[in-house]
4 protein chains.
Amino acid sequence: MSGINKVILVGHLGKDPEVRHLDGGVTVASFPLATSETYNKDGKRVEQTEWHNIVLWRGLAEVASKYLQKGKLVYIEGKLRTRSFEDKEKVKKYVTEIVAENFTMLGRKSDFEQSPSTTLSSSQHTEPKIDDEFTIHPSDENGDLPF
Amino acid sequence: MSGINKVILVGHLGKDPEVRHLDGGVTVASFPLATSETYNKDGKRVEQTEWHNIVLWRGLAEVASKYLQKGKLVYIEGKLRTRSFEDKEKVKKYVTEIVAENFTMLGRKSDFEQSPSTTLSSSQHTEPKIDDEFTIHPSDENGDLPF
Amino acid sequence: MSGINKVILVGHLGKDPEVRHLDGGVTVASFPLATSETYNKDGKRVEQTEWHNIVLWRGLAEVASKYLQKGKLVYIEGKLRTRSFEDKEKVKKYVTEIVAENFTMLGRKSDFEQSPSTTLSSSQHTEPKIDDEFTIHPSDENGDLPF
Amino acid sequence: MSGINKVILVGHLGKDPEVRHLDGGVTVASFPLATSETYNKDGKRVEQTEWHNIVLWRGLAEVASKYLQKGKLVYIEGKLRTRSFEDKEKVKKYVTEIVAENFTMLGRKSDFEQSPSTTLSSSQHTEPKIDDEFTIHPSDENGDLPF
DNA sequence: TTTT
DNA sequence: TTTT
């Protein structure tokens, strides 16, 4: 049966997006995103940071690589996906990622100098242009990702 | 800085909740949840299922263990948390879980015979009673979970 | 600056979808959706129902009119929009609606006899077919709706 | 049956919060929130702003009145509620509001000088303190609001 | 006007 | 390991 698998994050990029071009010309970008939570433990302020593996495909990857950098604040919507892979010692490992479906840059305009403030979506039509609405359409999000 | 770390799932339990009582009397429940997505590939219908590790603490764990069973359809809201642990061979491993903050049972009443249809929350006050609003208050969600 | 405007509902249709064809051939569907909440007041079980005006455009409207009926349980994702209009006495009024961006039918298969269980989206490509993934692409969601 | 009624907004306050103290000592705060969306129409950049009526109760109202001001960027999670009321001419009118369940201040620290960056929730325990985790517990969100 |  |  159908179900819902939705993730909503607001956090800062831990690194610049890393871009790869797969065989067949598909672009994939990925970066770590930090979401922090502050709470009080025994009278002391404690900050707990959670790191998320964000993956973006095709047009969305291209826009991300252009406009997102380490430190930027971003809203990301996507879905959870757990993949298995073999490390260098041929040991099977699992990693859970957030496959982004759209993102919106938050924070002050000056933080995104070259870009308009806008929402980027993985499922729309026009090609990205500077100073325009970025609307992207990836047709295949099921390719294998070699990392 | 603060951030948002939110997960919204609707899916079916793959197993009955597994309940543990930690030292100090804290109750923890966990179960796998499946969210399925159906799409069309080369004219053929393909179903892709994603499995999520759901973890519930304290009162929420107790209500879950009472009312949720394998196969039930449930709405779950929570946050992502990636933990490291050592397996039997002392190899460090990582697992990403969804720490539930509240859940709502979906589907028909007969699917939850002994229970009222209701939303369960990890941050409210009264103790759960049958045929009543289930409102739970966990005071510590930062305990270590030995599994 | 950019922002986020997102609504997530799970509820039952209060009526069959009402479909309109605007000048220019645009299809619009709408229906009321009930989300109920049960709580305890002075020892008595109280149910509070909230009614939402759901609006769907173009392909999404067409799929909704085909597969959704009064009483069905559905997950809806969309955005809030408040419109003004004049009633018969020429008094200006406001109404807040949820413009659906995608929906997923929940509940048992038999509840959606003629349809596969699937997610319908307002921003994808193929045309809807029975027993296929329903993927819709509306290009204009800013038309005026005369009701 | 149970349902889900959830709203997620990221936007800027249009005004400072307006605070009222109801009979019985209940505090209510409200403010308009703008969420803007930018899209391209006929080659021109168009910005569309949606205004939302945000309502906060009790402790959450008090924290909001202390830390939120006109222009601030905030993440708000809540639920939709449509109320009827009579205007001065005794005409029955309807208004749809977002009853906040928690909020998180976004943007740079300097935007919230006197406050720590943190998430405020309508369903937790400790009283708000400066430089502490703000956790609030309202026990009644069903009071009538005279505005 | 839904559902349990 | 769920569900359809």
Side-chain angles (χ1 to χ4, degrees), chain A residues 1-5 82 94, chain B residues 9-18 30-39 45-54 67-76 98 103-119 130-134, chain C residues 9-18 30-39 45-54 67-76 98 103-119 130-134, chain D residues 1-5 82 94:
Chain A
M1 235 281 291
S2 60
I4 303 299
N5 173 359
T82 298
Y94 293 86
Chain B
L9 303 173
V10 176
H12 293 90
L13 280 81
K15 295 184 184 171
D16 285 351
E18 184 181 317
S30 60
F31 56 81
L33 186 84
T35 57
S36 300
E37 196 181 356
T38 308
Y39 63 94
R45 187 82 166 289
V46 181
E47 185 180 82
Q48 194 168 340
T49 297
E50 191 67 36
W51 286 97
H52 310 273
N53 304 307
I54 310 296
Y67 296 113
L68 298 181
Q69 293 105 34
K70 176 175 173 172
K72 295 311 179 206
L73 182 65
V74 69
Y75 168 97
I76 293 179
I98 288 90
F103 69 84
T104 297
M105 299 172 284
L106 301 174
R108 41 183 57 215
K109 181 105 178 237
S110 58
D111 287 349
F112 296 96
E113 282 303 0
Q114 44 177 337
S115 84
S117 51
T118 184
T119 295
I130 296 229
D131 249 330
D132 197 347
E133 178 73 355
F134 298 100
Chain C
L9 303 173
V10 177
H12 293 89
L13 280 81
K15 295 185 184 171
D16 286 350
E18 185 182 318
S30 59
F31 56 81
L33 186 84
T35 58
S36 300
E37 197 181 354
T38 309
Y39 62 94
R45 189 82 166 290
V46 181
E47 185 181 82
Q48 193 168 341
T49 296
E50 190 67 34
W51 286 97
H52 310 273
N53 304 307
I54 310 296
Y67 296 113
L68 298 181
Q69 294 104 35
K70 177 176 172 171
K72 296 311 179 207
L73 182 66
V74 69
Y75 168 96
I76 294 180
I98 288 90
F103 69 84
T104 297
M105 299 172 283
L106 301 174
R108 42 184 55 213
K109 181 106 179 237
S110 58
D111 287 350
F112 296 97
E113 281 304 357
Q114 44 176 336
S115 85
S117 51
T118 184
T119 294
I130 296 225
D131 249 329
D132 198 346
E133 178 72 357
F134 298 101
Chain D
M1 234 281 293
S2 59
I4 302 299
N5 174 358
T82 299
Y94 293 88

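Heavy atoms only: backbone and side chains are in, while hydrogens, waters and symmetry mates are out. Naming: A, B, ... by sequence-line order, numbering from 1 per chain.
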- Task: Quick one: pull up NZ in C/Lys72 and CG in C/Leu13 and give me the separation to the nearest 0.5 Å.
- Result: 9.5 Å

- Task: Could you state the atom-to-atom distance from CG of B/Leu106 to P of F/dT3 in whole Å?
- Result: 15 Å

- Of all the choices, F/dT1, F/dT2, E/dT2, which nucleotide is nearest to the side chain of B/Thr49 once you look at every atom? F/dT2

- Task: For B/Asp16 and F/dT2, give me the distance from atom CG to atom P, rounded to whole Å.
- Result: 11 Å

- Atom pair CD1 (B/Ile76) and CE (B/Met105), whose distance is rounded to the nearest 0.5 Å: 11.5 Å

- Query: Rounded to whole angstrom units, what separation is found between the CG atom of B/Leu13 and the P atom of F/dT1?
  - Reply: 15 Å

- Query: Given F/dT1, E/dT2, F/dT3, which nucleotide is nearest the side-chain atoms of C/Lys70?
  - Reply: E/dT2

- Reported CD-to-OG1 distance for the pair B/Glu37 and B/Thr49, which is rounded to 0.5 angstrom: 9.5 Å

- Could you give me the CA-CA distance, side-chain angles and deciding distance for B/Leu106 and B/Val74, then say whether side chain to side chain contact (heavy atoms under 4.5 Å, CB included) is met? CA-CA 5 Å; B/Leu106 301 174; B/Val74 69; over 6 Å; no

- Item | Integer-rounded Å distance: E/dT1 P and C/Leu68 CG | 20 Å

- Message: Rounding to an integer number of Å, can you tell me how far C/Leu9 CG sits from E/dT2 C1'?
- Response: 13 Å

- Rounded to the Å, how far apart are A/Ile4 CD1 and F/dT3 P? 18 Å

- Item | Separation of atom CG in C/Leu73 from atom C1' in E/dT1, rounded to whole Å | 16 Å

- Scan C/Gly71 against the nucleic acid and name what it touches under 4.0 Å (heavy atoms): base, sugar-phosphate only, or nothing. sugar-phosphate

- Message: Could you measure the distance from the OH atom of C/Tyr39 to the CZ atom of C/Arg45? Nearest 0.5 Å is fine.
- Response: 12.0 Å

- Item | Spacing of B/Gln48 atom CD relative to F/dT1 atom P, expressed in whole Å | 18 Å

- Item | Closest to the B/Glu47 side chain, choosing from E/dT1, F/dT3, F/dT1 | F/dT3

- Output the single nucleotide from F/dT1, E/dT1, E/dT2 whose closest atom is nearest the side chain of C/Ser36. E/dT2

- Side chain of C/His12 - closest among F/dT1, E/dT2, F/dT3: E/dT2

